[in-house]
Amino acid sequence: MQSRRWFGGAGLSFADDPVTETLSQAIRGTGEELDREPDARVLFGSLRGSVVGLRYYTGVVNKGEMVSLVRQPQNPYDRNAVMVANVYGSQVGHIKRELAALLANIMDNNLARVEGVVPFGVKNQFTMSVVLSFWGREENRDAVVRQIASRSFKLQTGPTGTHTSVHQDIENYDYLRLGCRITPFPPLSLLQLKNAFDNLFENLMEDKIGEREAVEAVCTPLLPHQKQALSWMCVCENNAALPPFWEDKGGLFYNTLTHSSVRERPQRVRGGILADDMGLGKTLTTIALILSNFHHGKPLCEPVKAASSQSTDDPAARATLIICPLSVLSNWLDQLDQHVRADVKLNVYLYYGSERNRDTHFLSSQHVVLTTYNVLSADYSGSASPLHTVSWLRVVLDEGHIIRNPNAQQSKAVLKLNTQRRWILTGTPIQNNLRDLWMLVAFLRLKPFDMREWWNRVIQRPVTQGDKTGLQNLQALVKCVTLRRTKTSRVCGRPLVSLPKRSVRIEEVELTQKEREEYELARTEGRTTISRYVAEGTVLRNYADVLAILVRLRQFCCHPDLLGKTTTHTGVVAVTPAELRERLIVKLKLVLGTGSDEECAVCLDSVRLPVITHCAHVYCRPCIAEVIRSEQEQARCPLCRGQIKASELVEFPLEEEEEEESNLLENWRSSSKVEALMSSLLRLRSEDDSIRSLVVSQFTRFLTILEIPLREEGFKFVRLDGTMSQKRRAQVIQEFQGDAPGCPLIMLLSLKAGGVGINLSAASRVFLMDPQRTTVCVQKQDLVEKAFGTKNPSERKTSRVDEIRALMEL
DNA sequence: ACCGCCGGGTGCC
DNA sequence: ACCGCCGGGTGCC
């Protein structure tokens with residue numbers, strides 16, 4: 001009887017029963033095995049077995065229901081025992097002894113994953129059938145087949161087995177047997193899959209429209225799309241609807257994907273994923289949610305009487321815990337300060353630093369507790385974690401993609417938090433893998449997918465194997481819990497964020513006679529070179545050269561000194577190492593345009609400490625050094641796959657750079673474009689001295705040139721370019737956005753690299769000094785295509801060459 | 001009858 | 001379990 005308490009009777013209430021806790025952990029454990037073995041994707045076959053001992057357990061199963069198989073090596077009656085549990089973790093029975101011996105062998109040696117589906121409705125109370133399918137790595141197939149045969153079981157392969165009389169429809173049979181369709185349709189192509197994946201989060205807005213005003217306590221008026229988000233979030237928190245794929249079947253709750261039924265209502269998801277693009281106001285919306293939707297949909301506190309609500313006798317959870325990366329902690333404090341009316345006394349506690357107050361009563365009595373992922377996981381690894389003791393009303397994960405790795409301590413810590421409502425704020429819900437999404441689903445406790453096994457069997461594997469139904473299910477699931485808008489999203493035909501009407505003016509600047517002559521000289525030279533490449537069919541081989549010529553022409557249009565003095569070089573085959581080096585430095589200079597904000601293909605950020613390879617591609621020195629270090633002798637250029645060596649990296653001679661820099665400023669001269677800009681800025685200032693302007697160029701050196709006349713005319717300006725640290729960038733933006741008198745009116749901006757979204761709503765004028773043209777776009781698109789292999793090479797080649805010929809009028 | 005047969009008790013691992 | 005198995009009761013037809 002003692003032992004029965006341990007192995008029997010499992011599966012009623014999940015939360016506080018130590019037996020079921022062990023059970024769910026056991027199930028979770030098997031899921032993680034699969035995760036560690038991502039190759040367990042090949043189906044070896046299936047066989048029919050029986051589950052016994054049903055009458056000892058409460059778990060019920062339906063026709064077609066998926067069940068999980070859990071080894072019980074500690075079972076006192078049989079160390080080979082294999083337990084059968086339904087989707088909800090309730091034990092159903094055991095695998096019959098002889099079959100259990102076989103499964104134990106296969107499972108313990110990690111030869112295959114074994115999954116169960118119950119093919120018929122259960123008629124009797126003692127035993128039932130189960131179809132076991134075996135999934136694993138190809139190299140283990142033989143061993144598994146042998147094991148099964150040696151114990152006189154028959155492994156069935158292929159869908160046309162002996163049971164088709166029972167299930168007329170082979171396709172349906174497969175579904176019942178395995179819980180997924182084995183490609184009755186041709187599998188989705190990689191491209192289809194990728195597109196579907198990219199579109200997962202698009203168009204998640206239907207049915208969610210409806211606006212809700214924030215309570216008075218929020219002093220910043222919400223934009224329409226923020227009111228929509230608030231409305232959606234309130235609905236998510238308040239409604240009692242079943243999670244997706246669950247149906248109420250009169251007393252039982254039925255899951256349409258796993259075909260399981262449970263007596264207790266599946267826990268509702270009170271929360272979701274707010275995945276709006278950066279800059280759409282996720283923070284403000286969340287603050288509005290905290291204040292607007294307290295208990296029973298009532299506001300948290302009315303403006304006047306809020307301060308006194310230190311209600312220790314109220315057992316209901318009231319505090320919202322916000323977890324964010326350290327870098328945005330201060331942003332939360334600022335925004336709480338900025339958006340909450342000054343006369344509203346919101347108790348906000350910053351749970352951070354060694355002196356933090358760990359008293360759980362204190363923490364529970366706050367309205368908002370702010371902390372970081374690091375603090376959370378540091379606490380969690382200790383003994384009694386205060387944050388895990390408090391019963392929260394709401395937990396908000398800011399930059400929620402941070403917890404996408406389920407093995408990380410902070411992810412584990414986050415899953416263990418005790419809260420009624422759960423929110424994930426993220427701008428990038430999926431980085432590149434479906435697995436990233438699991439953690440988010442698990443955090444939301446989206447039953448039954450918070451257990452890896454069901455996520456893997458029902459969603460992840462079907463989707464990665466190209467099963468259309470799997471993809472549809474994934475889409476439906478994501479849609480239920482996610483709101484995502486991008487800056488280009490539209491609702492009811494209106495743009496999400498309506499900006500003042502943008503007007504674009506192209507001002508053509510006439511070059512002076514002298515400038516024109518220099519430009520024409522360079523152009524003729526460039527055309528000669530490129531037409532030779534075209535004739536030889538070597539455009540692509542000399543692509544860096546070609547781009548450099550084009551960059552150079554654009555530089556001439558800005559300012560003749562942008563490039564600095566260089567020797568013309570084209571066409572001479574390098575003979576000596578010194579000559580080669582010289583040529584590479586010239587190329588480096590050309591590619592970088594001595595100060596264009598170039599992007600490193602390794603880190604995708606602005607190039608720092610630039611070096612050029614012998615194949616003429618430019619990277620950050622640390623980035624490419626790491627590539628070479630890790631690939632050793634086989635190291636290849638990430639862009640062209642040409643061989644590269646550490647000894648052959650050429651860097652820009654520092655003295656020369658500095659010399660050119662000071663040269664540039666000492667012998668400063670103007671240019672037509674500089675004059676045009678200055679006269680516009682001066683005219684603007686005389687009309688309205690509060691208008692702020694952004695001056696954008698990809699050539700940082702051009703920005704340097706522009707600093708001189710700006711200072712001369714007494715303009716206050718700031719500068720932002722790719723070489724600056726994140727911290728410095730934030731400072732500069734802050735300074736520019738400020739509205740104190742004497743704030744800079746002009747920002748010199750060069751930000752080609754890094755995918756850094758910056759919100760520069762302060763500027764009402766933007767001067768694009770050297771608008772990006774098609775070649776750059778072509779180049780980038782090319783990188784994307786290379787990465788995904790979406791376009792055939794010859795197609796790519798022609799379009800690129802044609803582009804260049806058109807540009808050079810060849 | 002140191003068998004066969006009958007029918008009640010019983011039953012996961 | 002409308003089974004199989006076990007073990008006690010029973011014993012020509």
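The basis for the numbers below is simple: all heavy atoms, side chains too, and nothing from hydrogens, waters or symmetry mates. Protein chains get the first letters and strands the later ones, always in sequence-line order, with residue 1 at the start of each.
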Sorted by chain and number, sequence neighbours left out, side chain to side chain donor-acceptor pair (under 3.5 Å) with A:S377 holds for none
- Task: Determine if A:Y77 stacks with B:dC12; use a centre-to-centre distance below 5.5 Å and an interplanar angle below 30° as the criteria.
- Result: no
Looking at every strand, decide which applies to A:I95 at a 4.0 Å heavy-atom threshold: base, sugar-phosphate, or nothing. sugar-phosphate
Considering only heavy side-chain atoms of A:F126, the closest of B:dC13, C:dA1, B:dG11 is C:dA1
Taking atom [atom1] in both [N] and [M], compute the distance separating them and give it to the nearest angstrom.
N	M	atom1	value
C:dG8	C:dG4	P	23 Å
C:dC6	C:dA1	C1'	15 Å
B:dC13	B:dG9	P	23 Å

Quick one: does any side-chain atom of A:H295 pair with a main-chain N or O of A:A317 as donor and acceptor, under 3.5 Å? yes
request  = For the pair A:S381 (side chain) and A:A378 (backbone), establish whether a donor and an acceptor sit closer than 3.5 Å, ignoring hydrogens and angles.
outcome  = yes
So the salt bridge (Lys or Arg N to Asp or Glu O under 4.0 Å) pairs with at least one residue in residues 232-252 of chain A (sequence neighbours excluded) are A:E237-A:R394, A:E237-A:R421
By the Watson-Crick or G-U definition, both distances under 3.5 Å, B:dA1 is matched with none
TODO: Answer with yes or no whether A:N75 presents, from its side chain, a donor or acceptor under 3.5 Å of a partner atom in the base of B:dC13.
DONE: yes
